[in-house]
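Read the structure below first, then the notes.
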Amino acid sequence: VQLQASGGGLVQAGGSLRVSCAASGRTFSSYVGAWFRQAPGKEREFLATISSGGYNTYYTDSVKGRFTISRDNAKNTLYLQLNSLKPEDTAVYFCAAGMAYSTRREGYDYWGQGTQVTVSS
């Protein structure tokens with residue numbers, strides 16, 4: 001499956017943004033979806049994951065209550081809604097797909113190219 005992330009941009013602290021990930025190729029609805037991010041000089045960080053059918057989600061504590069992962073399998077698209085953004089949320093955001101839940105990057109077989117989110121103070 002091929003993934004294409006989009007929707008990043010520059011936003012002020014406290015603002016909101018939605019990033020998207022369009023999938024093509026194999027049946028996206030068969031895969032678990034996830035979002036990670038990577039800030040300059042830091043490791044790639046797990047953010048959230050969603051089951052193949054979209055009924056179950058899991059978030060890392062730092063974004064719980066602010067970010068929402070969702071998917072529309074009819075559109076082969078994965079989303080991440082980012083609310084109450086902080087300057088420390090500035091990073092490249094990556095989408096990923098795999099066969100099982102994981103909070104580790106090694107758990108995902110397919111990756112999008114990333115989209116930059118910059119939060120100004």
Side-chain angles (χ1 to χ4, degrees):
V1 60
Q2 291 79 44
L3 303 175
Q4 179 79 30
S6 63
L10 174 64
V11 62
Q12 289 187 331
S16 298
L17 203 61
R18 188 177 77 164
V19 292
S20 301
C21 178
S24 61
R26 297 187 179 186
T27 307
F28 178 61
S29 60
S30 300
Y31 292 89
V32 170
W35 286 95
F36 288 70
R37 69 183 178 190
Q38 189 165 15
K42 294 189 176 182
E43 296 287 322
R44 193 166 296 189
E45 173 191 17
F46 167 81
L47 299 176
T49 186
I50 187 167
S51 60
S52 58
Y55 298 109
N56 297 299
T57 58
Y58 178 79
Y59 299 88
T60 193
D61 286 345
S62 64
V63 305
K64 199 175 296 182
R66 297 192 300 125
F67 293 3
T68 302
I69 190 171
S70 62
R71 66 192 298 162
D72 185 339
N73 285 338
K75 295 182 178 180
N76 288 335
T77 304
L78 181 70
Y79 303 100
L80 186 68
Q81 178 69 39
L82 293 73
N83 295 331
S84 302
L85 282 162
K86 306 173 183 179
E88 52 264 42
D89 293 318
T90 295
V92 178
Y93 283 67
F94 295 90
C95 55
M99 295 306 297
Y101 268 164
S102 178
T103 61
R104 302 178 62 190
R105 60 185 296 180
E106 295 81 5
Y108 296 91
D109 302 308
Y110 305 99
W111 290 85
Q113 85 290 0
T115 185
Q116 176 71 46
V117 173
T118 303
V119 184
S120 63
S121 56

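Just so you know, these numbers come straight off a predicted model, no measurement behind them.
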Give me the atom names and distance for the closest heavy-atom approach of G33 to T49.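 Looks like O-OG1, 2.9 Å.
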Taking all non-hydrogen atoms of both residues, which atom of A5 and which atom of Q113 are closest, and how far apart?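 The answer is O-NE2, 2.8 Å.
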Expected output: side-chain N73 to main-chain T27 donor-acceptor under 3.5 Å: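 No, N73 side chain to T27 backbone: no donor-acceptor pair under 3.5 Å.
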If you measure from the Lys or Arg side-chain nitrogens to the Asp or Glu carboxylate oxygens, is any gap between K64 and D61 under 4.0 Å?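 A salt bridge links K64 with D61.
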Partner residues of R18 under the side-chain hydrogen bond (donor to acceptor under 3.5 Å, both in side chains) criterion, sequence neighbours left out: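 With neighbours one apart ignored, the set is empty.
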Cluster question for you: counting only ILVMFWY and a side-chain heavy-atom cut-off of under 4.5 Å, with indirect links fine, are [X] and [Y] together?
{"X": "F28", "Y": "W35", "answer": "yes"}
{"X": "V92", "Y": "Y110", "answer": "no"}
{"X": "Y58", "Y": "V32", "answer": "yes"}

Other than L10, which residues form its hydrophobic cluster under the rule that side-chain heavy atoms must be closer than 4.5 Å?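 None; L10 is a cluster of one.
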Can you list every side chain to side chain donor-acceptor pair (under 3.5 Å) pair that touches residues 93-106, not counting sequence neighbours?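 Pairs touching residues 93-106 that pass the test: R37-Y93.
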Rounded at 0.5 Å granularity, tell me how far OG in S120 sits from CG in L85.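 With rounding to 0.5 Å, OG (S120) is 10.0 Å from CG (L85).
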With sequence neighbours excluded, residues passing side chain to side chain contact (heavy atoms under 4.5 Å, CB included) with T57: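 With sequence neighbours excluded, T57 shows a side chain to side chain contact (heavy atoms under 4.5 Å, CB included) to I50, Y59, I69, given in chain and number order.
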Could I get the full list of ring-ring contact (aromatic ring centres under 6.0 Å, His included) partners for F36, not counting sequence neighbours?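 ring-ring contact (aromatic ring centres under 6.0 Å, His included) list for F36, sorted by chain: F46, Y108, W111.
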Check residues 75-82 and write down every donor-acceptor pair under 3.5 Å in which the side-chain atom is one partner and the other belongs to a residue at least two apart or another chain.
unit_1: T77; atom_1: OG1; unit_2: K75; atom_2: O; d: 2.8
unit_1: Q81; atom_1: NE2; unit_2: N83; atom_2: OD1; d: 2.9

